[in-house]
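The first residue of the sequence shown is numbered 1, and numbering continues consecutively from there. All ligand and atom numbering here is 1-based and tracks the order in the structure.
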Amino acid sequence: MKPFIVANWKMNPISLAKAKQLFNEIKKTKAIICPPFVYLSALRTSGAQDCFWENQGAFTGEVSPKQLKDFGCKYVLIGHSERRKYQGETEEMINKKLKAVLEVNLRPILCIEKISQIKRDINGISKEKLGKIILAYEPVWAIGSGKACGISVARKMNSAIRKILKKNILLYGGSVNSQNVKGFIKEAGFQGVLIGKASLNAKEFIKIVESISN
Ligand code: PGA
């Protein structure tokens, strides 16, 4: 299977012009790019960074799963640790988001840090729908720190997650770069990676993709 590569731009870049430039430089990688909402319609990417749990109504500032689906998105990040931290997203909220996203046939990329989160995040989701969830193991201390998770810990987490979700696509995220990416795929058993900072640097991002694509 071709590795699954997701670019999480977070709240970057600072202007549409810069977003277009970066997108044009990296689009040939065919990675799933998740830009800020304001750039979605200009770039028409397949991924988004978040959504609400209702599909329509008086929810100021929110974007719905159905709107993303209608727009043409296929994937949406759910429960990123930065949202859990800064927006106070709880496991209950994440659970509602997951259900809403699966209901409209979008594929959620559920970000988790601890095994204990998984069960509460996926509570009450049918077996059939569970299979559609893409999971990203992202240790909080590794995100944006330049200190990626060691391979043996990553491998252990991989098998611990596998005990709960046996067949799901499993990604690693947290300070992935062109030097360490191979280890997560070839040694730690992940099917892909979720890339933050390094996805904002076209040269480095292309290097990452190339190093695991052959
Ligand atoms: P990072 O971010 O690659 O900058 O560590 C990863 C993420 O937060 O998804």
Does Gly196 reach ligand 1 with a nitrogen or oxygen that is under 3.5 Å from one of the ligand's nitrogen or oxygen atoms? yes
Does atom NZ (Lys20) have a neighbourhood of more than 12 heavy atoms from anything else shown, all under 6.0 Å? no
Test of understanding: clusters of I, L, V, M, F, W, Y form through side-chain heavy atoms closer than 4.5 Å, transitively. Do Ile212 and Leu171 belong to the same one? no
Does a side chain donor of either Glu113 or Ser81 reach within less than 3.5 Å of an acceptor in the other side chain? no
Contact between Gly144 and ligand 1, counting heavy atoms under 4.0 Å? yes
Looking at ligand 1, does Ala148 have a heavy atom less than 4.0 Å from it? no
Check ligand 1 against Ala142 and write out every atom of the ligand that is under 4.0 Å from a heavy-atom position of the residue. 5 (O)
Any side-chain donor near an acceptor of the partner, Glu138 and His80, under 3.5 Å: yes
Less than 3.5 Å apart, any donor N or O on the side chain of Asn95 or Lys99 sitting next to an acceptor on the other? yes
Which atoms from ligand 1 have a heavy atom of Ser175 less than 4.0 Å away? 1 (P), 3 (O), 5 (O)
Honestly, for Ser145 the part within reach of ligand 1 (heavy atoms, under 4.0 Å) is neither
A student checking ligand 1 against Leu194 at a 4.0 Å heavy-atom cut-off should list atoms 9 (O)
With a cut-off of 6.0 Å (strictly less than), are more than 12 heavy atoms of other residues, nucleotides or ligands near NZ of Lys132? no
By number and element, which atoms of ligand 1 are closer than 4.0 Å to a non-hydrogen atom of His80? 7 (C), 8 (O), 9 (O)
Ignoring hydrogens, just give me the one of Lys197, Glu138, Lys147 whose non-hydrogen atom is nearest atom 9 (O) of ligand 1. Glu138
Is the terminal nitrogen or CZ of Arg155 (NZ for Lys, CZ for Arg) located under 6.0 angstrom from the six-membered ring centre of Phe190 and within 45° of that ring's axis? no
Here the atoms of ligand 1 under 4.0 Å from any heavy atom belonging to Asn8 are 9 (O)
Please confirm whether Gly174 comes under 4.0 Å of ligand 1, counting heavy atoms of the residue only. yes
CD of Glu103: more than 12 outside heavy atoms within 6.0 angstrom? no
Taking the side chain as C-beta and beyond, is there a heavy-atom pair between Lys182 and Glu187 under 4.5 Å? no
Could you check atom 2 (O) of ligand 1 against the protein and tell me its nearest heavy-atom contact, residue, atom and distance included? Lys10 NZ, 3.3 Å
Taking 4.0 Å as the limit for heavy-atom contacts, which would you say applies to Ile143 with ligand 1: side chain only, backbone only, both, or neither? both
